[in-house]
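Report on the structure given below.
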Amino acid sequence: MRPKIYLYGDSITEESFGDGGWGASLSHHFSRTVDVVLRGYSGYNTRWALKVAERIFPPVESGGVPPLAVTVFFGANDACLPDRYSAFQHVPLHEYKQNLHSIISFFKKRWPEIVILLITPPPIDEDARLRHPYIENPSGLPERTNEAAGAYAQACMSVAKEHGCPVVDLWIKMQECPDWKQAYLSDGLHLTQAGNRIVFEEVVKKLKEQGISVENLPVDLPLIANIDPQDPLKAFQDY
């Protein structure tokens with residue numbers, strides 16, 4: 001049975017299996033070695049993610065293979081401002097940190113050997129958020145700011161350091177590009193194909209640092225190159 005890598009997050013994770021998405025790229029990258037399993041929930045924050053984790057991630061059945069890794073990619077919704085139209089999604093910064101601690105503890109208790117890879121929220125283009133509100137915005141103010149997203153990214157980094165977990169600082173990484181708003185964000189929050197590529201490359205790099213790479217994983221069933229044309233079934237004797 002192939003091992004799994006779970007992707008747990010909000011809409012940026014839910015959409016990651018779309019055309020050019022970072023989850024689809026990850027699945028392609030690990031084809032024949034790992035099943036990449038999508039668990040993305042649009043609009044969710046860490047409070048809701050913690051509430052439903054027990055239901056989403058059942059224990060491995062007897063004889064089953066525990067997952068190799070899980071990406072935890074929350075914070076963009078937690079960082080919604082408490083006095084704007086997405087206030088119902090807001091989670092205070094101190095609670096966000098505590099929720100991340102609890103989510104990490106949940107996974108460590110469920111699967112002690114799992115690699116937990118945190119991903120910070122991305123930067124925010126506030127002007128684009130005004131052009132792309134997902135509900136009516138009578139205030140004329142963005143529901144998110146890049147400053148707030150940065151504070152939540154810093155909190156995510158801090159939690160990762162406390163637990164010794166690998167982390168992708170997407171907030172910093174994307175802003176290294178001078179044209180990041182147009183290059184990496186489709187609506188000021190969600191990712192373009194180029195933005196998805198950044199996430200994919202960073203996740204692959206961080207997983208490889210933890211010993212999870214295509215080179216280190218067994219391939220599921222014989223490769224065609226290993227099948228003898230004169231005796232094809234010989235390759236399947238051990239299966």
| said: Check Asp35 with Lys4, please: is the shortest side-chain N to carboxylate O separation under 4.0 Å? | reply: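 Between Asp35 and Lys4 there is no salt bridge, as every charged N stays at least 4.0 Å from the carboxylate O atoms.
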| query | Could Arg47 and Glu95 be called an ion pair, given the rule that one side-chain N must be under 4.0 Å from one carboxylate O? | reply |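 Yes, charged N to carboxylate O under 4.0 Å.
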| said: Please list all pairs meeting salt bridge (Lys or Arg N to Asp or Glu O under 4.0 Å) that have one or both residues in residues 182-198, counting only residues at least two apart or in different chains. | reply: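 Qualifying pairs, neighbours excluded: Arg129-Asp187, Arg197-Glu201.
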Hey, does [Y] have a side-chain heavy atom less than 4.5 Å from the side chain of [X]?
{"X": "Val91", "Y": "Asn99", "answer": "yes"}
{"X": "Leu191", "Y": "Val199", "answer": "yes"}
{"X": "Thr33", "Y": "Asp220", "answer": "no"}
{"X": "Pro122", "Y": "Tyr184", "answer": "no"}
{"X": "Val167", "Y": "Ile119", "answer": "no"}
{"X": "Lys208", "Y": "Val214", "answer": "no"}
{"X": "Leu185", "Y": "His190", "answer": "no"}
{"X": "Phe73", "Y": "Leu7", "answer": "no"}

Of all heavy-atom pairs between [X] and [Y], which one has the smallest distance, and what is that distance?
{"X": "Phe236", "Y": "Ile227", "answer": "CZ-CD1, 3.9 Å"}
{"X": "Met174", "Y": "Gly195", "answer": "CE-O, 3.7 Å"}
{"X": "Val60", "Y": "Pro66", "answer": "CG2-CA, 3.7 Å"}
{"X": "Gly75", "Y": "Asp10", "answer": "N-OD2, 4.3 Å"}
{"X": "Ser186", "Y": "His132", "answer": "O-NE2, 4.2 Å"}

Without swapping roles, check the side chain of [X] against the backbone of [Y] for a donor-acceptor pair under 3.5 Å.
{"X": "Thr192", "Y": "Ala183", "value": "yes"}
{"X": "Arg84", "Y": "Pro142", "value": "yes"}
{"X": "Glu14", "Y": "Ser42", "value": "yes"}
{"X": "Thr120", "Y": "Leu170", "value": "yes"}
{"X": "Ser102", "Y": "Gln98", "value": "yes"}
{"X": "Glu143", "Y": "Leu81", "value": "no"}

Using residues 16-25 as the side-chain source, report each donor-acceptor pair under 3.5 Å to any protein atom, sequence neighbours left out, with the distance given to one decimal.
residue: Ser16; atom: OG; partner: Thr13; partner atom: O; Å: 2.6
residue: Trp22; atom: NE1; partner: Ile12; partner atom: O; Å: 3.1
residue: Ser25; atom: OG; partner: Gly21; partner atom: O; Å: 3.1

Kindly compute the distance separating [atom1] ([X]) from [atom2] ([Y]), expressed to the nearest 0.5 Å.
{"X": "Trp180", "Y": "Ile198", "atom1": "CH2", "atom2": "CD1", "value": "13.0 Å"}
{"X": "Leu68", "Y": "Asn216", "atom1": "CG", "atom2": "CG", "value": "11.0 Å"}
{"X": "Leu100", "Y": "Cys156", "atom1": "CG", "atom2": "SG", "value": "5.5 Å"}

| task | Could you list all the side-chain hydrogen bond (donor to acceptor under 3.5 Å, both in side chains) pairs where at least one residue sits in residues 161-174, not counting sequence neighbours? | result |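 Counting only pairs at least two positions apart or across chains, the side-chain hydrogen bond (donor to acceptor under 3.5 Å, both in side chains) contacts touching residues 161-174 are His101-His163, Asn146-Trp171.
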| query | Any side-chain hydrogen bond (donor to acceptor under 3.5 Å, both in side chains) pairs touching residues 224-236, not counting sequence neighbours? | reply |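 Residue pairs passing side-chain hydrogen bond (donor to acceptor under 3.5 Å, both in side chains), neighbours aside: none found.
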| field | Members sharing Leu141's hydrophobic cluster (side chains within less than 4.5 Å) | value |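 For Leu141, no cluster forms, as it stays isolated from other hydrophobic side chains.
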| Sequence neighbours excluded, which residues qualify as side-chain contact (heavy atoms from CB on, under 4.5 Å) partners of Pro82? |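 In terms of side-chain contact (heavy atoms from CB on, under 4.5 Å), with neighbours along the sequence ignored, Pro82 is linked to His90.
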| Within a radius of less than 6.0 Å around CD of Glu176, do more than 12 heavy atoms belonging to other residues, nucleotides or ligands occur? |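 For Glu176, atom CD is crowded (more than 12 foreign heavy atoms under 6.0 Å).
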| query | Just wondering, more than 12 heavy atoms not from Lys108 lying within 6.0 Å of its NZ? | reply |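 Yes.
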In one Ile/Leu/Val/Met/Phe/Trp/Tyr side-chain cluster, 4.5 Å: [X], [Y]:
{"X": "Ile56", "Y": "Leu50", "result": "yes"}
{"X": "Val168", "Y": "Ile104", "result": "no"}
{"X": "Val37", "Y": "Ile103", "result": "yes"}
{"X": "Phe74", "Y": "Leu118", "result": "yes"}
{"X": "Val72", "Y": "Val52", "result": "yes"}

| Listed partners of Arg32 passing side chain to side chain donor-acceptor pair (under 3.5 Å), at least two apart |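 Here no residue qualifies.
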| task | Using ring pair (Phe, Tyr, Trp, His ring centres under 6.0 Å) as the criterion, list what pairs up with Phe57, not counting sequence neighbours. | result |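 Partners of Phe57 by the ring pair (Phe, Tyr, Trp, His ring centres under 6.0 Å) criterion, ordered by chain and then number, come out as Tyr6, Tyr8, Phe107.
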| task | Only counting residues at least two apart or in another chain, list the ones meeting ring pair (Phe, Tyr, Trp, His ring centres under 6.0 Å) with Tyr96. | result |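 Residues passing ring pair (Phe, Tyr, Trp, His ring centres under 6.0 Å) with Tyr96: Tyr152.
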| query | Which of these passes side chain to side chain contact (heavy atoms under 4.5 Å, CB included) with Pro67: Ile5, Val115, Ile114? | reply |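 Passing option: Ile114.
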| field | Proximity of Trp48 and Tyr44 rings by center, below 6.0 Å | value |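 Aromatic pair counts; centres sit under 6.0 Å.
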Considering residues at least two apart in sequence or located in another chain, which fulfil the salt bridge (Lys or Arg N to Asp or Glu O under 4.0 Å) criterion with [X]?
{"X": "Glu215", "result": "none"}
{"X": "Glu54", "result": "Arg110"}
{"X": "Arg39", "result": "none"}

